Amino acid sequence: MKDEIFNSLQKASLKISPEFAGSFQVTKPQDSQHGDWSSNIALIMAKEMKKNPRELAVEIISALEGLDYSEKIEVAGAGFINIYLKEDLFFSQIRNYALGDFKGLLQEKEPKKILLEYVSSNPTGPIHVGHGRSAAFGSALANLLKVAGNKVTQEYYVNDRGLQAKTLGLSVFIRMQELDNKKIVLPEDCYAGEYIKDLATKAKKHFKGKYLVKKDDNLFFETLNEWFEYVDATYENFLELANYVIELQTEEIKKDLEVFQVKYDNWFNESSLYEKDLIQKSIKNLKNNEVEKKDGALWFKSTNYGDEKDRVLIRDNEEPTYFASDIAYHKDKYDRDFDEIINIWGADHHGYIPRVKASIESLGLDAKKLKTLLIQFVSLKEKGQKVQMSTRSGEFVELSDLVDEVGIDSARYYFLARKPEQALEFDIDLAKKTNKDNHVYYIQYAHARICSIKKELKKRKIDFNLKESLEKLSLLKETEKEIISLVNGYPEILEQCYKNNELHPLCFYLRDLSSKFHSFYNAEKIISDNKDYSDAKIALSIAIKEIINNGLNILGIGCPEKM
RNA sequence: CUCCCGGUAGCUCAGCUGGAUAGAGCAUCUGCCUUCUAAGCAGAGGGUCGCAGGUUCGAAUCCUGCCCGGGAGGCCA
């Protein structure tokens, strides 16, 4: 519809001025007084042609062809062209929605194979609330991309090796000694969280006495390195323990995410890149003259592509950097032949983007395929107070704790209802409420109320035929038809979300729609003795219910029939 | 010092690819339940869109400078 209007306007404009190439818009006006559709084309053209916008608007309208479905077209305000639809067309979309038909509502013209990587937090500890935001966002975005007809692969990159994995192994090792009734002192850089003790308990059981030191061993090392020297000297393959706990912790993460309605198609282990020797191979694929040895290390000249400084690939101790793995990982993503590759990263990684882009270009790959979305931080507020969180002490609130506290639906909604580039202050008290203050309850309540109207029909044995009732929508009062305008705006909201990779407009829309419904519901009884009018109101309600259901599904939020 | 994000009502935020009178929710105040869920509804007050310039018929929106808050600038990941 929007496209048709756009094209008609464009044709008309070209008749008047063949060179006109300005970008004008066709929008749904906020105020329904301004028609069903509105365009600023005359204002844009007037600028180019230095003519009076209102006069130009009249010219454009008289040159318009093919808008059979318009009831009237007016010039208003500074020179807006407002289009009012014929009544039957006005009702055509809502009929489909009421029947639960959302096909083609959002359709990518050229469906793509898309790789969506998100969260990918280190398996050295549990998922915390910050990751939760990415998780909610990524999974909902995946739903949206799929609705548009794309094939989406959701992936989690597991950093299951390197120094941090070994440090985790050591942290668990030390706690195991504690479980074995030794006095221990945890070095500063070890992981200190409570979950380490759980891992230690499991590891102790699993290894049946292995990795428990003898009584006469000295256990009072102060630094990580001293500890590493000790365990490497004592055990043939200390990484066996590290790998075991990394695996345990990854499983924990997987569990937390699944509970949170986040399911991946693929868990990609960093270690697999090493097993296939892909680090070395991808480095060789970088442009030869952009890799050089200096100060004992191997460097990549990312400054050639605008990065602030060159980056190390292989350290002087011959250990590849995280960046080197990441080059191999991205090379692998490209090799898997996706049309689009989306990374969702925490905003703290923004400085990392130029070097990754640089490496992709140096590999001779199309950097435009890769899109990185950044998500800002999450802070928590409870009883008016900020909940303190700090990286150093490991005092992050775990996602699972938040979910236990406020529920999955609330948590997902409030993560999604804020645009990603905005830091999010999560109000725990608000998210816990079970009244209208809590938007997710408010939306779900609207849905449940409509379901209960349907039940009431059955209970009272009232004959209701949806298809027939949908032909009676014109009986609605003018104020009630305004809701239909809002309903008709659903595709534009989805389109906006899709185009901009955002979900918050959908959240706001659903709340808005619910609000309009609650007013409608409260104004007077939906079910009444005035059969035809009653049918029309029920049909409208059902359309709203279906949209709420459709929207909440995309957001990954439950949609109860009864509350 | 450089880069990124934010600054809109008392609070939390939409609006930002230039358009019509700057919008919601919360909080505050006033009303509404014998009848489909009051887990709700109706109404009222509340604004220097951080500041200063600029571009334009038109700026919260675009450009420049500055101020404030948060984040990033490892041979950590």
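Quick note: numbers below take in every heavy atom, side chains included, and nothing from hydrogens, waters or symmetry partners. Worth saying up front: this structure is predicted, and the values here are computed from it rather than measured. Reminder, nothing fancy here: chain letters follow the sequence lines and each chain counts from 1.
- For the pair A:Gln164 CD and B:C76 P, the computed distance is 12 Å after rounding to whole Å.
- Among A:Asn159, A:Asn243, A:Asp160, the one residue that satisfies the side chain to side chain donor-acceptor pair (under 3.5 Å) test with A:Ser271 is A:Asp160.
- Glycosidic conformation, B:C67: anti, with the torsion outside 90° of 0.
- Using cut-offs of 30° and 60° for the angle between ring planes, the A:Trp267 and A:Tyr156 rings count as parallel.
- Distance from the side chain of A:Arg311 is smallest to B:G74 among B:C41, B:G74, B:A39.
- The P atoms of B:C26 and B:A39 are separated by 15 Å, rounded to the nearest whole Å.
- With respect to A:Asp310 and A:Lys301, no salt bridge is recorded, no charged nitrogen being found less than 4.0 Å from a carboxylate O.
- Taking every side-chain heavy atom of A:His350 into account, B:C3 is the closest of B:A39, B:C3, B:C41.
- Between A:Phe426 atom CZ and B:G70 atom P there is a gap of 23 Å when expressed in whole angstrom units.
- Side chain to side chain, A:Lys333 and A:Asn343 meet the donor-acceptor criterion of an N or O pair below 3.5 Å.
- Closest to the A:Arg355 side chain, of the nucleotides B:A77, B:C75, B:A39, is B:A77.
- For the P atoms, the distance linking B:U30 with B:G45 amounts to 15 Å, nearest Å.
- When heavy atoms are screened at a 4.0 angstrom cut-off, A:Asn435 is found touching the sugar-phosphate backbone but no base atom.
- Following rounding to the nearest Å, A:Arg418 (CZ) and B:A14 (P) show an atom-to-atom distance of 5 Å.
- Each of A:Tyr322 and A:Ile526 lies near RNA chain B, and the nucleotide nearest A:Ile526 is the one positioned closer to the 5' end.
- Side chain of A:Tyr441, nearest nucleotide from B:A39, B:A77, B:U37: B:A39.
- Put simply, the side chain of A:Ser515 never gets that close to the backbone of A:Arg511: no donor and acceptor are under 3.5 Å apart.
- Across B:G71, B:C75, B:A42, the shortest atom-to-atom separation from the side chain of A:Asp348 is found for B:G71.
- Distances shorter than 4.0 Å separate some side-chain N or O of A:Arg315 from OP1 or OP2 on B:C76.
- Closest contact between the side chain of A:Glu425 and the listed nucleotides B:U37, B:G73, B:U12 involves B:U12.
- Taking atom CZ of A:Arg54 as the reference point, atom P of B:G58 lies 18 Å away to the nearest angstrom.
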Which string of ( ) [ ] | and . matches RNA chain B, if you list each base 5' to 3' and count Watson-Crick or G-U pairs only when both distances are under 3.5 Å?
(((((((..((((.....[...)))).(((((.......))))).....(((((..]....))))))))))))....

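- Rounded to whole Å, atom P of B:A77 lies 13 Å from atom CG of A:Leu313.
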B/S/- along nucleotides 16-25 of chain B (protein heavy atoms under 4.0 Å) is BBBBB----S

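- Judged by closest nucleotide on RNA chain B, A:Pro505 is the one of A:Pro505 and A:Phe520 placed further toward the 5' end.
- The distance from atom CD of A:Glu117 to atom OG1 of A:Thr372, rounded to the nearest 0.5 Å, is 9.0 Å.
- Using a cutoff of 4.0 Å between basic side-chain nitrogens and carboxylate oxygens, A:Asp307 and A:Arg311 are scored as salt-bridged.
- For the atom pair CG of A:Asp36 and OG of A:Ser485, the computed distance is 5.5 Å after rounding to the nearest 0.5 Å.
- The C1' atoms of B:U28 and B:G69 are separated by 28 Å, rounded to the nearest whole Å.
- A:Gln422 has a side-chain polar atom (N or O) that falls below the 4.0 Å cut-off from OP1 or OP2 of B:A14.
- In this structure A:Ser514 satisfies the side chain to side chain donor-acceptor pair (under 3.5 Å) test with no other residue, sequence neighbours excluded.
- Under 4.0 angstrom from either OP1 or OP2 of B:C41 there lies no side-chain N or O belonging to A:Tyr445.
- With rounding to whole Å, A:Tyr442 atom OH is found 8 Å from B:C41 atom C1'.
- Taking only side-chain atoms of A:Lys381, from C-beta outward, the nucleotide of B:G73, B:U12, B:G74 with the closest atom is B:U12.
- Using a 4.0 Å cut-off between charged nitrogen and carboxylate oxygen, A:Glu456 and A:Arg460 count as a salt-bridge pair.
- Annotation: side chain of A:Arg418 is not in contact with side chain of A:Phe426 (no heavy-atom distance under 4.5 Å).
- The side chain of A:Asn159 has B:A77 as its nearest neighbour among B:U12, B:A77, B:C75.
- When the C1' atom of B:G70 is taken as reference, atom CD of A:Glu421 falls 15 Å away, rounded to whole Å.
- Close to B:C36, at under 4.0 Å from its OP1 or OP2, lies a side-chain N or O of A:Lys525.
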